[in-house]
Protein chains: 2
Amino acid sequence: MTVLEAVRPPTNDTEERLLDAALSLFAEKGYEAASVREIIEATGVTRPVLYYYCSSKEDLFKRLVHWKHDEAYRNLGKLISETKGCAPRLRAILRGSFEFCATDPRVPRLMFQTHFGPTIPGIADFLTEIASLRFSIIQQVIQDGLDAGELTGGDAAALSLIFCCIMDQHINILSRLPKPRKRLTPELADSLVDVFLFGVGSDGVGSDGVGSDKAGSRKRRQPSLPPFAAGP
Amino acid sequence: MTVLEAVRPPTNDTEERLLDAALSLFAEKGYEAASVREIIEATGVTRPVLYYYCSSKEDLFKRLVHWKHDEAYRNLGKLISETKGCAPRLRAILRGSFEFCATDPRVPRLMFQTHFGPTIPGIADFLTEIASLRFSIIQQVIQDGLDAGELTGGDAAALSLIFCCIMDQHINILSRLPKPRKRLTPELADSLVDVFLFGVGSDGVGSDGVGSDKAGSRKRRQPSLPPFAAGP
DNA sequence: TGAAACCTAACGACCGTTAGGTAGGTATAC
DNA sequence: GTATACCTACCTAACGGTCGTTAGGTTTCA
């Protein structure tokens with residue numbers, strides 16, 4: 001049986017404030033370093049209140065991740081069902097994910113921090129399952145693209161991994177910087193899909209350096225990435 | 001002044017065993033969760049021995065990261081100086097990094113885990129500086145490629161970010177799976193550079209889906225990624 | 001009247017760190 | 001030649017602090 005079973009969303013106001021404070025603190029300091037004491041202090045309640053709503057710190061964390069994941073998951077499914085064709089779907093996924101993450105950067109911080117951060121016993125498997133569920137959505141889109149002849153170069157898993165690398169790492173890095181909304185733009189999303197599809201090598205550049213490709217005139221779409229200002 | 005000043009490498013046998021045990025435990029459980037007690041137990045010494053060689057847990061961690069980073073940094077510089085041209089250099093960097101990380105997967109796990117994991121006060125700045133030092137090496141190679149007309153599509157920083165996304169995330173993910181040596185292969189490295197340069201879109205696929213690119217016959221190099229088997 | 005929502009006050013376990021002591025080697029003074 | 005001083009390399013035993021968790025009592029409101 002899967003670990004991703006129905007999890008009751010927060011009903012009570014206190015409960016939702018607890019989960020929101022937990023989101024802030026887990027995203028900022030990580031699961032281990034964010035203490036139950038800090039979470040209840042930020043909420044303005046006492047410790048037994050937390051244990052009234054959640055059975056443990058681990059349960060609190062899982063509820064939180066589940067809650068936010070379900071939002072993202074539904075969002076992704078909706079975007080895909082509303083779009084046809086591989087490239088437009090990839091664009092929709094990237095735009096939608098950027099939008100979702102820019103709206104509340106705590107969410108991607110929490111997700112990537114716990115998934116790529118230190119292994120937490122009792123939570124690692126749960127996070128792996130969450131991640132592979134999302135991966136399989138991308139993989140299906142890519143597989144369709146391969147079947148339709150729109151993509152080439154490898155199997156669906158390998159291509160999906162590359163796409164996720166580009167998408168996730170941009171979200172991961174840019175959502176940590178100030179003003180993520182100014183960075184995770186639709187323009188960047190579209191450009192990244194172009195890079196995925198067409199690469200950044202100049203026309204006429206072959207595999208071994210300048211001008212070694214003698215295949216003749218090529219006129220492929222060139223990505224046009226917005227400048228990346230690393231400053232604050 | 002930089003935080004990256006000269007750090008004495010381990011001289012004593014006990015000291016090196018301490019650092020090695022620390023590498024294993026920090027890489028596996030993260031900085032916070034790996035306790036001083038576990039590290040000295042794995043080494044087979046008592047706690048004051050650790051404090052004899054290192055002034056604190058934080059110092060131990062920094063010494064360790066510095067030690068391994070210096071290795072990787074020198075390795076990268078050597079590879080670049082031995083190669084000419086942007087694409088061959090990118091290939092050399094990716095091959096070399098895969099080789100380095102496959103040799104001791106604990107190193108990338110430690111690096112990515114602490115860099116993308118929860119923020120650790122007193123260590124975050126140190127890690128950021130380490131990371132940006134490496135990023136600037138890649139960026140210089142990419143800038144040379146732009147200047148030589150081998151690359152296009154954006155500024156050096158934006159392109160470097162994409163390259164690092166692909167490289168780092170593959171290392172990050174594949175070095176966590178069993179038998180990283182079988183996964184971080186030179187063939188995969190070369191294919192990933194091809195994807196970076198040429199993309200994975202089929203010839204004739206434009207920006208809006210199948211067959212919308214009317215630019216005529218194109219004959220560009222197609223990457224050929226090895227299959228990605230997610231299983232154990 | 002009783003269930004839901006919350007409180008005070010403590011539990012034991014583990015954390016990083018250190019005070020203070022010792023065994024054994026080696027350089028120096030007489 | 002040997003006594004003294006000093007060094008490195010380690011030890012035992014404890015320090016104060018924070019952690020997640022809970023037993024048991026109180027308020028509030030239907």
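Atoms considered below: every heavy atom in the structure, side chains included; atoms not considered: hydrogens, waters and symmetry mates. In what follows, chains are A, B, ... by sequence order, proteins preceding strands, each numbered from 1. This one's a predicted model, so the numbers in the text were calculated from it and none came from an experiment.
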> So what does B:Ala33 touch, heavy atoms closer than 4.0 Å: a base, only the sugar-phosphate, or nothing?
Replying inline: nothing
>> Rounded to whole Å, how long is the line connecting atom NZ of B:Lys57 with atom C1' of C:dT17?
In response: 12 Å
>> Please determine whether a side-chain nitrogen or oxygen atom of A:Thr46 lies at a distance below 4.0 Å from atom OP1 or OP2 of C:dC6.
In response: no
>> Using 30° and 60° as the class boundaries, would you call the ring planes of A:Phe196 and A:Phe163 parallel, tilted or perpendicular?
In response: perpendicular
>> Rounding to an integer number of Å, can you tell me how far A:Arg37 CZ sits from D:dT21 P?
In response: 11 Å
> Between A:Tyr31 and B:Thr14, who's closer to the 5' end of DNA chain D by nearest nucleotide?
Replying inline: B:Thr14
> Between C:dC7, C:dA5, D:dC10, which nucleotide gets closest to the side-chain atoms of A:Tyr52?
Replying inline: C:dA5
>> Could you go through B:Asp144 and B:Gln140, starting from their C-alpha distance and side-chain angles, then the distance that decides it, and tell me whether this counts as side chain to side chain donor-acceptor pair (under 3.5 Å)?
In response: CA-CA 6 Å; B:Asp144 291 347; B:Gln140 188 56 57; 3.1 Å; yes
>> On the nucleotide C:dC6, are OP1 or OP2 found under 4.0 Å from the side-chain N or O atoms that A:Tyr51 carries?
In response: no
> Would you call the rings of B:Phe26 and B:Tyr31 parallel, tilted or perpendicular if under 30° counts as parallel and over 60° as perpendicular?
Replying inline: parallel
> Separation of A:Glu32 atom CD from C:dA13 atom P, in whole Å?
Replying inline: 19 Å
> Roughly, in whole Å, what's the span from CG in A:Leu50 to P in D:dG20?
Replying inline: 10 Å
>> Nearest whole Å is fine: how far is D:dT21 P from A:Ile40 CD1?
In response: 13 Å
> Taking CG from B:Asp59 and C1' from C:dG16, how many angstroms apart are they, rounded to a whole number?
Replying inline: 14 Å
> Charged N to carboxylate O below 4.0 Å: is that the case for B:Lys29 and B:Glu38?
Replying inline: yes
> Which one, C:dG16, C:dA19, D:dT21, comes nearest to the side chain of B:Pro48?
Replying inline: C:dA19
>> Whether the side chain of A:Arg47 and the base of D:dT21 hold a donor-acceptor pair under 3.5 Å is what I'd like checked.
In response: yes
>> I need the CD1-P distance between B:Ile39 and C:dC14, as an integer number of Å.
In response: 17 Å
>> Expressed as a whole number of angstroms, how long is the span from B:Leu60:CG to C:dC15:C1'?
In response: 15 Å
> Does the side chain of A:Ser175 come under 3.5 Å of the side chain of A:Arg109 through a donor N or O and an acceptor N or O?
Replying inline: no
